[in-house]
Amino acid sequence: MATTSGPETNLHRSSTLPWPGLLWFAGLLVVCYAPILVKLVDQWMNDDDMGHGFFVPLVAAYVAWQRREAILQTPVTVNWWGLAVVGWGALQCYLALLATELFLMRTAFIISLVGCILFLCGWQMLRALSFPLVLLVFMVPIPALIYNQVTFPLQLFASRVAEIGLNLVGIPVLREGNILELASQRLSVVEACSGIRSMLTLSFLALVYAHFFDEKPWMRWVLFAFTLPIAVATNAFRVMATGVVGEYDPALAAGFFHTVEGWIIFATALVCLVLTHRLINWLYRFRRERT
């Protein structure tokens with residue numbers, strides 16, 4: 001006779017995924033969260049900070065597909081705690097709707113998804129899918145309160161670095177907060193130039209890059225930690241470069257050329273990320289050879 005231990009029942013243990021239950025719960029999730037997901041996709045389309053949002057679920061699905069053999073061999077166990085997690089997600093969504101808090105609404109969908117996987121497949125399956133589920137967090141914009149608290153200090157830092165750099169190359173500049181006064185122009189270090197935009201995308205790419213190009217799980221989080229200084233430093237350099245080229249031709253500091261400059265700086269940030277990865281690996285091998 002089968003026995004039950006805690007909320008996890010061995011009666012339903014198997015190595016076959018419960019496809020009918022997964023499809024049923026997936027359909028319910030989509031129906032329940034459809035208005036929230038539609039607005040989220042709309043923000044991906046119209047918010048430059050969240051242009052990477054379209055790729056997040058696709059990359060997460062691909063990572064899960066890569067692990068399909070291990071996932072299919074993972075024992076499936078019904079865990080009733082999953083229903084509690086689903087209930088947590090539903091309650092969070094309801095309270096967020098009352099408070100009009102978009103971040104909590106959207107993360108409630110991910111919490112409910114986690115609860116469904118836990119309920120239908122158990123802890124082992126949830127661990128097997130942990131990394132793709134973590135990636136889904138990057139499809140949700142950070143809360144406006146945190147965004148505003150982080151952005152302005154980054155704007156001031158980029159302004160200070162740009163001021164120092166411009167003075168070093170012989171271009172006189174007067175800084176007032178995030179405003180740089182040059183002889184021929186005024187530069188305003190807006191939110192987009194603070195580094196927060198590239199940091200959001202770069203942090204997602206850092207985790208994906210480390211997953212595909214490094215077998216060490218800890219490398220993902222080390223590169224993730226380095227995305228902040230890389231994003232801030234490259235965007236500070238962008239502000240300085242804008243001031244330099246603007247002294248020769250103010251038209252180069254705005255419009256199409258400014259947009260192209262942004263893409264070049266982001267590509268530079270990616271190169272810095274790859275070089276950081278190689279440097280860390282070199283230090284890691286050097287230390288292992290010495291011990």
Side-chain angles (χ1 to χ4, degrees), residues 12-27 29-30 33 37 40-41 44 50-79 82 85-86 89 106-107 109-141 198-227 230 266-267 269-281 284-285:
H12 299 283
R13 185 181 295 276
S14 69
S15 59
T16 303
L17 289 174
W19 290 112
L22 288 172
L23 294 175
W24 173 253
F25 272 82
L29 278 180
V30 171
Y33 286 91
L37 296 176
L40 178 60
V41 173
W44 295 347
M50 291 303 302
H52 65 278
F54 288 101
F55 301 99
V56 173
L58 297 178
V59 172
Y62 179 72
V63 171
W65 173 256
Q66 273 195 319
R67 298 181 173 184
R68 61 189 180 278
E69 293 184 2
I71 290 172
L72 291 174
Q73 294 174 2
T74 301
V76 174
T77 306
V78 173
N79 190 310
V85 177
V86 173
R106 293 160 175 176
T107 52
F109 170 77
I110 301 176
I111 292 172
S112 297
L113 177 62
V114 169
C116 291
I117 295 173
L118 177 60
F119 171 63
L120 294 170
C121 302
W123 283 110
Q124 292 187 54
M125 185 64 71
L126 189 60
R127 283 194 294 269
L129 293 170
S130 58
F131 183 64
L133 290 171
V134 167
L135 289 180
L136 292 181
V137 176
F138 288 91
M139 71 181 185
V140 180
S198 58
M199 185 180 68
L200 294 172
T201 305
L202 195 65
S203 57
F204 168 69
L205 292 177
L207 292 177
V208 175
Y209 169 81
H211 169 77
F212 286 114
F213 295 100
D214 202 299
E215 296 180 353
K216 300 182 286 295
W218 55 264
M219 182 63 73
R220 303 169 189 170
W221 309 109
V222 172
L223 289 183
F224 176 80
F226 272 96
T227 55
I230 290 175
F266 184 74
L270 288 177
V271 172
C272 292
L273 183 67
V274 173
L275 293 177
T276 300
H277 174 233
R278 293 189 176 183
L279 176 61
I280 294 172
N281 267 332
Y284 176 73
R285 289 193 299 268

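Starting from 1, each residue takes its place in the sequence as its number. Just so it is clear, the values below take in all heavy atoms, side chains as well, and ignore hydrogens, waters and symmetry mates.
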**OP:** With side chain to side chain contact (heavy atoms under 4.5 Å, CB included) as the test, would you mind laying out the steps for V114 and L126 before giving the verdict?
**Re:** CA-CA 7 Å; V114 169; L126 189 60; 3.7 Å; yes
**OP:** Kindly determine whether F131 and H211 satisfy ring pair (Phe, Tyr, Trp, His ring centres under 6.0 Å), including the steps that lead there.
**Re:** CA-CA 9 Å; F131 183 64; H211 169 77; 5.1 Å; yes
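Side chain of W123 to main chain of N79: no donor-acceptor pair is present (N/O by atom type, distance under 3.5 Å, no hydrogens or angles).
Taking CZ of R67 as the reference point, atom CD of E69 lies at 13.0 Å (rounded to 0.5 Å). Between M219 atom CE and F224 atom CZ the span is 15.5 Å, to the nearest 0.5 Å. Note that CG of L129 is 9.0 Å distant from CG of L113, once rounded to the nearest 0.5 Å. Note: F204 CZ to L136 CG = 9.0 Å, rounded to the nearest 0.5 Å. Of the inter-residue distances, the one linking L273 atom CG with L223 atom CG reads 5.5 Å to the nearest 0.5 angstrom.
Here the shortest heavy-atom pairing between V76 and P18 reads CG1-CD, 3.9 Å. Annotation for I71 and A128: closest pair CG1-CB, 4.5 Å, computed over non-hydrogen atoms.
Using a 4.5 Å heavy-atom threshold, the side chains of L37 and F109 count as touching. Here the side chains of C121 and L22 are in contact, with some heavy-atom distance below 4.5 Å. Counting only heavy atoms from C-beta outward, the side chains of L133 and I117 approach each other to under 4.5 Å. For the pair I110/M139, a side-chain contact is recorded, criterion being any heavy-atom separation below 4.5 Å from C-beta on. Considering only heavy atoms from C-beta on, L17 comes within 4.5 Å of M125 through its side chain. At least one side-chain heavy atom of P141 sits less than 4.5 Å from a side-chain heavy atom of L40. At least one side-chain heavy atom of F212 sits less than 4.5 Å from a side-chain heavy atom of V63.
R285 meets the side-chain contact (heavy atoms from CB on, under 4.5 Å) test with N281, W282; sequence neighbours excluded. Applying the side-chain contact (heavy atoms from CB on, under 4.5 Å) rule to L270 yields the partners L202, L205, F266; only residues at least two apart in sequence or on another chain are considered. Scored by the ring pair (Phe, Tyr, Trp, His ring centres under 6.0 Å) test, F226 finds no partners at all (sequence neighbours excluded). Legend: residues meeting side-chain contact (heavy atoms from CB on, under 4.5 Å) with W218, ordered by chain and number and at least two apart, are K216, V222, I280, Y284. In this structure S203 satisfies the side chain to side chain donor-acceptor pair (under 3.5 Å) test with no other residue, sequence neighbours excluded. By the side chain to side chain donor-acceptor pair (under 3.5 Å) test, T227 is found to be paired with no residue, residues two or more places apart in sequence or in another chain being considered. Legend: residues meeting side-chain contact (heavy atoms from CB on, under 4.5 Å) with V274, ordered by chain and number and at least two apart, are Y209, R278.
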Please set out all donor-acceptor pairs under 3.5 angstrom arising from side-chain atoms of residues 51-58, sequence neighbours excluded.
from: H52; atom 1: ND1; to: T201; atom 2: OG1; distance (Å): 3.2
from: H52; atom 1: NE2; to: F138; atom 2: O; distance (Å): 3.1

